[in-house]
Amino acid sequence: MAEKLGGEGLIRELCNGFRLLMDKEKEVITVESLKRNAAMLGLQDLRDDELESMVREGDLDGDGALNEMEFCVLMFRLSPGLMEESQLLLEEILEDELRTAGF
């Protein structure tokens, strides 16, 4: 996925996913907003406690919701292949930057 989208495209898609799932008023993903939008991800069969667990797993600051950064970190943690692809993409970008800078 990261290879197809490129670095900026991947971040854009993660941000789009976040906006799709977030509570529009609070601008974070809550258990309630995840429950409302779960069908879009094929997660309509998940129980409330499973949705709560998903939010809890990504909730780094303990506020009971996922902000955009927490959501992106969670997506990378849950998708090892995504992490590997993005690592390769980052290395490629850094090599290009170093080459451009004359190193």
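Since we're looking at a predicted model, the values are computed, not measured.
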Q: Can you tell me which residue pairs pass the salt bridge (charged side-chain N to carboxylate O under 4.0 Å, His left out) test with a partner in residues 50-64, sequence neighbours excluded?
A: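 As it turns out, the salt bridge (charged side-chain N to carboxylate O under 4.0 Å, His left out) pairs with a partner in residues 50-64, which skip direct neighbours, are Arg47-Glu50, Glu57-Arg77.
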Q. What heavy-atom pair brings Phe18 and Ile29 nearest, and what distance separates the two atoms?
A.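 Closest approach of Phe18 to Ile29, heavy atoms only: CD1-CD1, 3.6 Å.
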Q. Would Val55 end up clustered with Val73 when hydrophobic side chains under 4.5 Å apart are linked, directly or stepwise?
A.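 Per the 4.5 Å side-chain linkage, Val55 and Val73 are not co-clustered.
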Q: State plainly whether one hydrophobic cluster holds both Leu51 and Val28, where clusters connect Ile, Leu, Val, Met, Phe, Trp and Tyr through side-chain heavy atoms under 4.5 angstrom apart.
A: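 In one cluster: no.
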(Q) Has Ser33 got a side-chain atom pairing as donor or acceptor with Leu21's backbone, closer than 3.5 angstrom? (A)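 Side chain of Ser33 to backbone of Leu21, a donor-acceptor pair under 3.5 Å: yes, one is there.
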Q) Between Ser53 and Asp49, is there a donor-acceptor pair closer than 3.5 Å when you use the side chain of the first and the backbone of the second? A)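 Answer holds: no.
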Q) Tell me the side chain to side chain donor-acceptor pair (under 3.5 Å) pairs involving residues 17-29, sequence neighbours left out? A)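 For residues 17-29: Asn16-Arg19.
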(Q) So, taking the atom named CG in Asn67 and the one named CG in Leu60, what distance separates them when rounded to the nearest 0.5 Å? (A)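 The CG atom of Leu60 is 8.0 Å from CG of Asn67, to the nearest 0.5 Å.
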Q. To the nearest 0.5 Å, how far apart are CG in Leu66 and CG in Leu34?
A.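 If we round to the nearest 0.5 Å, Leu66:CG and Leu34:CG are 8.0 Å apart.
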